[in-house]
Amino acid sequence: MVSVVEAHSGRLPTIRQGFWTRHPAEVARDLIGWSVFVDRVGGRIVETEAYHHEDPASHSFNGRTDRNAAMFGPPGHAYVYRSYGVHWCLNFVCGDAPGSAVLIRALDPTQGLEAMQARRGRSDLRALCSGPGKLCQALAVSRDHDGKVLDAAPFALEPGAPVGVLQGPRIGLSKAVDVAWRFGEVGSLNLSRAMPQPALKA
DNA sequence: AGACTGATATTCT
DNA sequence: GAATATCAGTCTA
């Protein structure tokens with residue numbers, strides 16, 4: 001799978017060939033500040049987590065199953081799974097070997113606010129996309145999107161630069177809690193949880 | 001602010 | 001049966 005090369009003017013990062021075929025922690029960091037849309041509804045990515053194919057916390061760690069099959073497919077595609085039997089979670093498959101992905105944990109909502117408010121049943125903008133399950137409900141992401149390529153409808157990605165990137169340990173895990181593979185945008189009001197860690201780079 | 005709890009699908013033991 | 005990359009509601013403070 002080859003990603004589109006964007007002819008963006010200025011200093012914005014671009015979707016270049018090979019963007020996805022790197023370590024998921026690099027991809028997760030670089031995605032902060034980008035925007036993701038599903039059927040033109042979505043916003044700016046402000047929180048991500050990396051899952052590496054050799055990472056005990058990764059769904060792919062114990063091999064391919066029906067659920068995680070998309071993680072073993074081509075990079076630059078979506079991996080969508082059901083979490084706790086209730087919510088959907090959206091990942092971007094990446095890495096230099098099969099089985100790595102980046103979990104999209106939070107967005108600053110920017111487009112399709114009314115659709116998101118209706119789907120979420122809430123009007124407060126901070127309640128729309130401030131968590132991996134919430135944003136999937138707001139963007140109507142479900143099993144239908146599992147395995148779909150990210151640079152074609154209904155998905156759309158738009159490069160963008162972060163104000164600054166925070167880094168810290170991942171959330172909700174019992175394994176590999178020591179690796180700091182959670183990334184967050186400096187100053188965002190939509191993080192799923194606070195990130196007090198020092199800034200990396202902009 | 002923080003602790004607890006229920007909802008509920010899939011996978012693994 | 002237990003664990004899980006979660007969220008909303010409810011309780012106590």
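Note that the structure is predicted; figures quoted are calculated from it, not measured. Note on naming: letters A, B, ... go to the chains in the order of the sequence lines (proteins, then strands), and numbering restarts at 1 for each one. Computed over heavy atoms, backbone and side chain alike; hydrogens, waters and symmetry mates excluded.
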Could you give the CG-to-C1' distance, from A:Asn62 to B:dT13, as a whole number of Å?
12 Å
Mind checking if A:Gly133 touches a base, just sugar-phosphate, or nothing, with heavy atoms under 4.0 Å?
sugar-phosphate
Atom-pair distance (CH2 on A:Trp88; P on B:dT8), nearest Å
14 Å
N-O pairing of A:Arg82 and A:Asp146 below 4.0 Å:
no
Between C:dA2 and B:dT5, how many Å separate the two P atoms, rounded to a whole number?
16 Å
A:Asp55 and A:Lys175 ion-paired at < 4.0 Å:
no
Let me know, please, whether A:Lys175 or A:Pro132 comes out on the 5' side of the other along DNA chain C by nearest nucleotide.
A:Lys175
Under 4.5 Å between side-chain heavy atoms, counting indirect links through other Ile/Leu/Val/Met/Phe/Trp/Tyr residues: same cluster for A:Phe183 and A:Tyr79 or not?
no
Students should find this one: the first and last nucleotides of DNA chain C, 5' to 3', lying under 4.0 Å from a heavy atom of chain A. What are they?
C:dT4 to C:dG9
With A:Arg44 via side chain to side chain donor-acceptor pair (under 3.5 Å) - residues at least two apart:
A:Glu185
Which sits closer to the 5' end of DNA chain C, A:Ala127 or A:Arg67, going by the nucleotide each is nearest to?
A:Arg67
Should the ring pair A:His52 and A:His23 be called parallel, tilted or perpendicular, given that the plane angle runs from 0 to 90° and is split at 30 and 60?
parallel
Identify whether any heavy atom of A:Arg105 sits under 4.0 Å from a base atom; if not, whether one sits that close to sugar-phosphate; answer base, sugar-phosphate or nothing.
sugar-phosphate
Which nucleotide in B:dA7, B:dT10, B:dC12 has an atom nearest any side-chain atom of A:Arg143
B:dT10
C:dA8 versus B:dT10 - spacing of their C1' atoms, nearest Å
22 Å
Output yes when A:Glu49 and A:Arg170 qualify as a salt bridge under the 4.0 Å nitrogen-oxygen rule, no when they do not.
no
Rounded distance (Å) that lies between atom P of B:dT11 and atom CZ of A:Phe61
18 Å
Steps toward side-chain hydrogen bond (donor to acceptor under 3.5 Å, both in side chains) verdict (A:Gln137, A:Arg119)
CA-CA 6 Å; A:Gln137 188 180 19; A:Arg119 290 163 179 167; over 6 Å; no
NA contact type, A:Ser192, heavy-atom cut-off 4.0 Å: base, sugar-phosphate, or nothing?
nothing
Aromatic ring proximity A:Phe92/A:Trp34, centre distance under 6.0 Å
no
Output the pairing pattern of DNA chain C as a dot-bracket string, 5' first, Watson-Crick or G-U wobble with both distances under 3.5 Å, | for cross-strand pairs, [ ] for crossing pairs.
||||.|||||||.
Please assess A:Glu47 against A:Ser192 for the test side-chain hydrogen bond (donor to acceptor under 3.5 Å, both in side chains), listing each intermediate value before the final yes or no.
CA-CA 8 Å; A:Glu47 186 180 339; A:Ser192 65; 2.7 Å; yes
Position toward the 5' end of DNA chain B (nearest nucleotide), A:Arg82 or A:Thr65:
A:Arg82
By the 4.0 Å heavy-atom rule, please label A:Arg120 as base, sugar-phosphate, or nothing.
sugar-phosphate
